[in-house]
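What follows is one structure encoded as structure tokens, with my remarks underneath.
Worth saying up front: this structure is predicted, and the values here are computed from it rather than measured.
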Amino acid sequence: LKINGQALPVIPSPGSYLTVSRAWKHGDRIELDLPMYLHVEAMPDEPTTQAVLYGPLVLAGKLGSNGLNQEMITGHMGPNIKKHPMAVPQFRASSPNLDLWVKPVSGETLTFRTSGQQTDVTLVPFNVVPEERYSIYWTVT
């Protein structure tokens with residue numbers, strides 16, 4: 001973390017907050033470097049159920065919008081998955097190294113694509129998924 005080009009001597013611990021208390025002036029500039037690398041977070045009770053992240057960003061897999069209508073997208077409590085089930089691809093990891101089977105999409109920011117899967121999926125930050133089907137959690141074997 002830098003303010004106006006000068007590094008702060010304090011580094012927050014993971015899972016905590018960083019508070020910067022100072023008298024701010026017009027033109028002050030904050031620079032924050034976050035480690036950005038692909039990694040997975042497994043569910044504690046089911047290690048093969050995993051979410052893919054890029055740095056702190058949760059990536060959602062785009063699964064298309066065929067057959068969706070507005071009620072299915074924004075219904076009272078969201079989509080009724082029992083009434084309108086969707087197929088979610090499963091992934092086979094050729095290696096624990098995600099960089100071998102999840103690759104950046106050339107020319108697109110924060111966009112990745114699986115490779116070598118039965119069904120390859122485009123992964124983007126969860127907050128930018130438009131009104132279409134998506135999944136965040138994947139069965140990875």
Side-chain angles (χ1 to χ4, degrees), residues 1-22 24-141:
L1 179 69
K2 292 180 182 179
I3 297 180
N4 297 329
Q6 294 189 342
L8 288 182
V10 178
I11 298 174
S13 60
S16 68
Y17 293 94
L18 172 67
T19 303
V20 179
S21 297
R22 62 178 275 136
W24 295 97
K25 296 178 262 166
H26 182 73
D28 280 350
R29 179 182 166 124
I30 295 177
E31 295 177 48
L32 178 64
D33 290 322
L34 295 174
M36 300 297 278
Y37 55 92
L38 286 168
H39 61 284
V40 296
E41 290 286 335
M43 296 296 287
D45 61 338
E46 184 53 58
T48 61
T49 302
Q50 302 175 359
V52 180
L53 293 88
Y54 182 63
L57 301 174
V58 174
L59 300 179
K62 298 170 71 173
L63 300 177
S65 59
N66 290 343
L68 287 181
N69 60 42
Q70 197 60 37
E71 180 188 339
M72 292 168 68
I73 294 169
T74 60
H76 175 68
M77 295 296 288
N80 181 339
I81 294 176
K82 289 180 182 172
K83 188 175 176 183
H84 305 285
M86 68 177 197
V88 176
Q90 296 184 5
F91 298 143
R92 174 165 241 120
S94 57
S95 162
N97 182 357
L98 247 54
D99 294 329
L100 296 178
W101 60 278
V102 179
K103 311 263 184 200
V105 174
S106 180
E108 297 197 37
T109 304
L110 300 175
T111 303
F112 301 85
R113 183 125 177 112
T114 62
S115 67
Q117 303 301 314
Q118 188 171 9
T119 302
D120 283 313
V121 175
T122 298
L123 301 162
V124 297
F126 172 61
N127 65 305
V128 300
V129 175
E131 295 180 340
E132 69 178 278
R133 291 180 178 92
Y134 65 89
S135 184
I136 292 174
Y137 295 103
W138 308 93
T139 299
V140 180
T141 57

[atom1]/[X] to [atom2]/[Y] distance, rounded to the nearest 0.5 angstrom?
| X | Y | atom1 | atom2 | result |
| --- | --- | --- | --- | --- |
| M36 | L53 | CE | CG | 10.0 Å |
| K103 | F112 | NZ | CZ | 12.0 Å |
| H39 | L59 | NE2 | CG | 9.0 Å |
| W24 | I3 | CH2 | CD1 | 4.0 Å |

Tell me, yes or no, whether the heavy-atom count around Y134 atom OH, taken from other residues, nucleotides or ligands under 6.0 Å, exceeds 12.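 12 or below, so no.
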Atom of E132, atom of S65 and distance for their closest heavy-atom approach: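 Reported closest heavy-atom pair: CB-CB, 3.9 Å.
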Considering all heavy atoms, the nearest A87-L63 contact: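 What the structure gives for the nearest pair is O-CD1, 4.2 Å.
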Pairs flagged by side chain to side chain donor-acceptor pair (under 3.5 Å) wherever residues 2-16 is involved - sequence neighbours left out: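 Matches after skipping sequence neighbours: N4-D28, S13-S16.
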Are the side chains of L123 and W138 in touch, meaning some heavy atoms are under 4.5 Å apart?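 L123 vs W138: side chains touch.
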For F91, the option from T119, D120, V102, V121 that meets side-chain contact (heavy atoms from CB on, under 4.5 Å):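 Exactly one candidate clears the test, V121.
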Determine all donor-acceptor pairs shorter than 3.5 Å in which one atom belongs to a side chain in residues 40-51; sequence neighbours excluded.
from: E46; atom 1: OE2; to: T48; atom 2: OG1; distance (Å): 2.8
from: Q50; atom 1: NE2; to: P47; atom 2: O; distance (Å): 3.0

Taking S135 for its side chain and G61 for its backbone only, find out whether a donor-acceptor pair lies under 3.5 Å.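 Answer holds: no.
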If only atom types and distance count, is the side chain of W101 paired as donor or acceptor with the main-chain N or O of D99 below 3.5 Å?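 No, W101 side chain to D99 backbone: no donor-acceptor pair under 3.5 Å.
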Kindly write out the residues that satisfy side-chain hydrogen bond (donor to acceptor under 3.5 Å, both in side chains) with R29, not counting sequence neighbours, or none if the list is empty.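 With neighbours one apart ignored, the set is empty.
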Might you work through the side chain to side chain contact (heavy atoms under 4.5 Å, CB included) test for K62 and V124, ending with a clear yes or no? CA-CA 8 Å; K62 298 170 71 173; V124 297; 3.9 Å; yes
